[in-house]
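Here's the structure we're looking at; comments come further down.
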Amino acid sequence: MDLNMDLNAPHSMGTTIIGVTYNGGVVLGADSRTSTGMYVANRASDKITQLTDNVYVCRSGSAADSQLVSDYVRYFLHQHTIQLGQPATVKVAANLIRLLSYSNKNMLETGLIVGGWDKYEGGKIYGIPLGGTLIEQPFAIGGSGSSYLYGFFDQAWKEGMTKDEAEQLVVKAVSLAIARDGASGGVVRTVVINSEGVTRNFYPGDKLQLWHEELEPQNSLLDILNSPSPEPMNI
Amino acid sequence: MNFMASKQPENSLLGPEADSQRTLYPNVTGTSVVALKYKDGILMAADMGGSYGSTLRYKNVERMKAIGKHSLLGASGEISDFQEILRYLDDLILYDNMWDDGNSLGPKEVHNYLTRLMYNRRNKFNPLWNSLVLGGIKNGEKYLGTVSMIGVNFEDDHVATGFGNHLARPILRQEWHENLSFEDGVRLLEKCMRVLLYRDRSAINKLQIAKITEEGMTISQPYSLKTYWEFSAFENPTQGAVGSW
């Protein structure tokens with residue numbers, strides 16, 4: 001509606017995606033909102049996609065672009081696994097993503113976080129933002145919702161967390177981003193990857209902690225109006 | 001030496017720099033307002049969000065206000081413009097009271113005033129960036145109307161602004177009927193607000209419902225709605241199609 005839109009400004013990516021390492025593997029997390037403009041096209045999307053048995057990727061930005069890149073990389077990794085004779089490493093998966101993102105940088109609009117576990121390096125997280133930079137990090141945040149989490153992670157991130165601490169941190173962070181970013185919402189999905197395998201978790205919107213100025217959900221106003229008044233004070 | 005930077009772009013079609021006050025784009029915005037006529041008067045619902053672009057910045061904004069004795073105004077769009085409209089209406093009601101003639105402005109008159117206000121600003125290319133819902137009841141006659149930022153106005157049994165037009169009106173067209181009870185009206189509005197919460201990016205889960213009847217206006221305390229996420233398809237959406245959304 002604004003007549004003064006800067007058509008050359010970078011497109012802000014809807015979504016909140018996170019990947020953190022802990023002392024045995026990685027935890028990936030994401031919200032579930034896909035929007036077209038201001039309309040929520042899908043309120044329960046799955047943004048954490050499998051590449052191999054032990055490597056997953058969090059996707060943000062254009063749905064089409066991120067899907068195509070993942071599909072190609074899944075295909076390449078499948079062939080690579082057959083040739084190698086053993087599971088692909090997280091580093092290889094991340095580099096394949098980088099190859100596609102970098103060489104098509106003028107046409108693609110997708111930011112990805114690759115996370116997984118392999119026997120050589122353990123749990124690893126790689127961030128691959130717009131442009132195709134590859135950066136290995138102890139934790140990575142991405143998407144439009146991540147703007148609200150830089151301060152939070154500066155304070156809350158610690159090296160050597162346990163699996164449960166890491167997962168709770170991810171759920172808390174995505175939930176905080178959902179509270180403030182209009183482009184993020186819905187449920188929080190997490191994927192935990194370690195030497196034992198992969199676990200998917202699902203945290204529906206109404207089960208998340210309440211933040212500032214948020215209220216306990218009710219069935220209806222009528223329940224509030226019909227509830228008994230509080231006890232008067234006794235002097 | 002000219003230290004003052006000019007605010008005007010070079011290829012501007014605008015008039016003198018004196019009108020650097022015009023609204024070019026909204027900054028802090030409110031989303032949908034939904035309202036319907038029921039047995040005793042009007043019910044109106046709006047959430048308490050003030051968005052700053054895509055950031056959900058303010059979560060305690062009251063977007064519905066009583067006007068005089070007989071009317072209720074709900075607004076979506078730029079909050080500062082809504083506050084300016086409330087100032088205009090304060091003056092209007094004050095002068096009406098000063099007459100002290102036993103007559104008071106009803107909802108139909110206030111709606112007409114707002115229409116003129118919005119349309120005249122539009123003609124000067126300096127709109128008040130709001131969509132307004134004006135409801136009320138006077139001498140037993142219920143009234144519910146709406147005015148947009150370009151001055152389009154009409155009345156109906158149920159109205160909505162913004163996304164409410166696309167998501168709430170269809171529900172209301174199916175389920176609204178004459179002489180709804182208060183409980184049914186509230187439930188119907190909550191149904192609409194829940195859909196807006198699921199599908200409107202700028203909606204927040206904190207709303208108020210206001211009621212205006214012959215007795216006067218009441219506005220509920222802020223509260224949140226329960227939402228449903230437990231469909232099995234939601235828990236595992238990519239079961240049949242690995243790699244999809």
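A, B, ... follow the sequence lines: proteins, then strands. Residue 1 opens every chain. Bear in mind that the values here come from a model prediction, so they are computed numbers and not experimental data. Just the heavy atoms: all of them, side chains too, but no hydrogens, waters or symmetry mates, feed the values below.
- Counting heavy-atom pairs closer than 4.5 Å to chain B, the top-ranked of the candidates A:Arg189, A:Gln50, A:Lys47 is A:Arg189.
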Query - Stepwise side chain to side chain contact (heavy atoms under 4.5 Å, CB included) check, B:Glu214 with B:Asp40 - result: CA-CA 8 Å; B:Glu214 206 72 63; B:Asp40 303 326; over 6 Å; no
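- Proximity to chain B (any heavy atom under 4.5 Å) is restricted, for A:Leu225, to the side chain, taken from C-beta onward.
- Using non-hydrogen atoms only and a strict 4.5 Å limit, the part of residues 191-205 of chain B facing chain A consists of B:Arg194, B:Leu197, B:Tyr198, B:Arg199, B:Asp200, B:Arg201, B:Ser202.
- Using a 3.5 Å distance cut-off with no hydrogens or angles, the side chains of A:Glu167 and A:Tyr203 do pair a donor with an acceptor.
- Here B:Asp47 pairs with B:Arg63 in a salt bridge; the nearest charged N to carboxylate O distance falls below 4.0 Å.
- A donor-acceptor contact shorter than 3.5 Å links the side chain of A:Asn104 to the backbone of A:Leu100.
- Between A:Thr15 and A:Asp181, the shortest heavy-atom distance links the atoms O-OD2, 4.0 Å.
- Interface residue A:Tyr39: backbone and side-chain heavy atoms are both found under 4.5 Å from chain B.
- Of the atoms belonging to A:Glu216, it is backbone heavy atoms, and not side-chain ones, that fall under 4.5 Å from chain B.
- If you measure heavy-atom distances from A:Arg74 to chain B, the contacts under 4.5 Å come from the side chain alone.
- Screening A:Asn194, A:Val198, A:Val192 against A:Glu196 for a side-chain contact (heavy atoms from CB on, under 4.5 Å) leaves a single residue, A:Asn194.
- Interface check for chain A: of the options B:Leu207, B:Val186, B:Leu167, the most heavy-atom pairs under 4.5 Å are formed by B:Val186.
- In this structure, chain A has heavy atoms under 4.5 Å from both the backbone and the side chain of B:Glu183.
- No other option in B:His166, B:Met48, B:Lys206 has as many heavy-atom pairs under 4.5 Å with chain A as B:Lys206.
- A distance-only check finds no donor-acceptor pair linking the side chain of A:Asp65 to the backbone of A:Thr110 [under 3.5 Å].
- Put simply, the side chain of A:Gln218 never gets that close to the backbone of A:Asp223: no donor and acceptor are under 3.5 Å apart.
- Within the 4.5 angstrom heavy-atom criterion, atoms from both the backbone and the side chain of A:Ala179 approach chain B.
- Contacts between A:Leu210 and chain B at a heavy-atom distance below 4.5 Å are absent for every atom of the residue.
- Judged by distance alone, the side chain of B:Thr29 and the main-chain N or O of B:Gly77 form no donor-acceptor pair under 3.5 Å.
- Without hydrogens or angle criteria, B:Glu78 side chain to B:Asn27 main chain gives a donor-acceptor distance under 3.5 Å.
- Most heavy-atom pairs under 4.5 Å with chain B, from the set A:Asp71, A:Thr34, A:Ile224: that is A:Ile224.
- Residues B:Thr213 and B:Lys39 are not in side-chain contact: their nearest non-hydrogen atoms beyond the backbone lie 4.5 Å or more apart.
- Of the possible donor and acceptor atoms, none in the side chain of A:Asp118 sits under 3.5 Å from a partner among the backbone N and O of A:Pro87.
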Requested in this report: Check the pair A:Thr49, A:Arg59 against side chain to side chain contact (heavy atoms under 4.5 Å, CB included), reporting the backbone distance first and the verdict last.
Outcome: CA-CA 8 Å; A:Thr49 298; A:Arg59 294 174 298 146; 2.9 Å; yes
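- The most heavy-atom pairs under 4.5 Å with chain B, out of A:Gly185, A:Ser45, A:Ser35, A:Ala63, come from A:Ala63.
- Checked by atom type and distance alone, the side chain of A:Trp117 never pairs as donor or acceptor with a backbone atom of A:Val90 at under 3.5 Å.
- For B:Asp81 (side chain) and B:Trp129 (main-chain N/O), a donor-acceptor pair under 3.5 Å exists by modelled atom type.
- Residues B:Ser131 and B:Ser76 form a side-chain contact, since some pair of their non-hydrogen atoms from C-beta on lies under 4.5 Å apart.
- At a 4.5 Å heavy-atom cutoff, the contact between A:Ser66 and chain B is made by side-chain atoms alone.
- For a residue to count as touching a neighbouring chain, one of its non-hydrogen atoms must lie under 4.5 Å from one of that chain's; by this rule B:Lys59 touches chain A with backbone and side chain alike.
- In terms of heavy-atom proximity, A:Ser101 sits nearest to A:Leu108 at CA-CD1, 4.0 Å.
- For residues 216-234 of chain B, the interface with chain A (any heavy-atom pair closer than 4.5 Å) comprises B:Ser220, B:Gln221, B:Pro222, B:Tyr223, B:Ser224, B:Leu225, B:Lys226, B:Thr227, B:Tyr228, B:Trp229, B:Glu230, B:Phe231, B:Phe234, sorted by residue number.
- Of the atoms belonging to A:Ser220, heavy atoms from both backbone and side chain fall under 4.5 Å from chain B.
- Counting heavy-atom pairs closer than 4.5 Å to chain A, the top residue among B:Leu189, B:Ile209, B:Thr55, B:Thr31 is B:Thr55.
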